[in-house]
Amino acid sequence: MTQSKNKIKTQSQQTSCTQCGICCTKGGAAFHGADLPLLLEQQVPWRNLITLRAGEFAWDPVTEGVQAIQKEIIKLRGSGSEWTCCYFNSSNNSCGIYHKRPIACKTLQCWNPEESLALAGKDLLSREMVLQNETVLQGLVKQYETEFPLPDFNTLETELESRCETYITELEEQVNNDLIFREREIAKSKLVSDIELFLFGRPLFQLLQPFAVQAFQSGNRLRLQYIKQG
Ligand code: SF4
Ligand code: SF4
């Protein structure tokens with residue numbers, strides 16, 4: 001897994017992994033080119049993957065900031081609602097797929113992060129690569145990307161400040177259409193249900209929460225509310 005030089009405090013004398021497990025609690029690892037066989041053969045099941053779509057805001061270990069990602073990232077899912085990798089066993093700090101763990105985990109040396117920082121953001125796997133033998137699923141992903149492009153998160157706050165009411169209405173439409181699409185495809189296929197987060201990433205309403213846009217149920221739709229900060 002990748003991480004910043006500063007986020008995980010290293011012991012000045014540290015020269016090897018102490019198996020503290022802290023890196024595994026910072027979010028599941030991203031997959032790179034060297035991991036493709038693992039995913040093509042589902043040695044790591046697709047139900048344990050999540051896609052961060054291009055344009056989503058995510059932590060960048062190189063710049064040590066949160067910003068819109070340029071390319072999509074396929075990662076290991078967290079555990080429940082936590083960031084901790086779904087394969088991390090906190091009772092003994094062990095990895096459930098140690099011999100099949102992604103290259104980002106194999107590379108990581110928190111006391112010497114240069115190698116993992118060099119890997120960060122490069123040679124990333126995409127859904128198209130992983131689904132190269134699954135034309136139906138690949139077509140579904142393409143359809144989703146075409147019908148539900150992400151809003152520009154870089155300008156979201158400005159839009160909310162300048163034309164809140166109309167923008168919230170537009171976002172509400174996108175949020176609900178996104179959910180309708182997912183529910184329809186999930187109802188048709190147990191496989192799609194199992195791997196929804198890999199195929200489509202997180203629903204739009206969840207991506208809006210960090211921007212102070214909260215969703216609440218109203219009848220059979222979600223309504224959105226912008227809670228202005230400060
Ligand atoms: S790489 Fe570092 S943070 Fe991760 S388990 Fe080893 S010592 Fe802990
Ligand atoms: S795959 Fe294993 S080593 Fe990598 S983050 Fe998950 S638990 Fe940690």
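For ligands, and for the atoms within them, numbers begin at 1 and follow the listed sequence.
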Practice task
Using a strict 4.0 Å cut-off to heavy atoms of Gly21, name the atoms of ligand 1 that fall inside it.
Solution key: 5 (S), 8 (Fe)
Exercise for the section: Could you check Val213 against Ile168 for side chain to side chain contact (heavy atoms under 4.5 Å, CB included), going step by step and ending with a plain yes or no? Expected result: CA-CA 9 Å; Val213 177; Ile168 282 286; 4.1 Å; yes
Problem - Hydrophobic cluster partners of Trp83 (side-chain heavy atoms under 4.5 Å) - result: none
Practice task
State whether Cys20 contributes an N/O/S atom found under 2.8 Å from atom 8 (Fe) of ligand 1.
Solution key: yes
Fill in the blank from the handout: Partner of Glu172 under side chain to side chain donor-acceptor pair (under 3.5 Å), picked from Arg221, Arg223, Gln225, is Arg223
Practice task
Please could you name the atoms of ligand 1 that Gln14 approaches to less than 4.0 Å, counting only its heavy atoms?
Solution key: 7 (S)
Exercise for the section: Before accepting this row, confirm whether a basic side-chain N of the pair Glu170/Arg163 lies closer than 4.0 Å to the acidic partner's carboxylate O. Expected result: yes
Practice task
Tell me yes or no: between the side chains of Asn93 and Gln19, is some donor less than 3.5 Å from an acceptor?
Solution key: no
Practice task
Examine all N, O or S atoms of Cys17, backbone included, and report whether one is under 2.8 Å from atom 4 (Fe) of ligand 1.
Solution key: no
Practice task
For Tyr87, take its heavy atoms, then give the atoms of ligand 2 lying under 4.0 Å from any of them.
Solution key: 7 (S)
Practice task
Taking only heavy atoms of Cys105 into account, list the atoms of ligand 2 that are under 4.0 Å away from them.
Solution key: 1 (S), 3 (S), 4 (Fe), 5 (S)
Practice task
Check Gln109 against ligand 1 and report side chain, backbone, both or neither, counting heavy atoms closer than 4.0 Å.
Solution key: neither
Problem - Test of ring centre spacing under 6.0 Å for Phe200 and Phe148 - result: no
Exercise for the section: Report, in ascending order of atom number, the atoms of ligand 2 lying under 4.0 Å from any heavy atom of Phe88. Expected result: 7 (S)
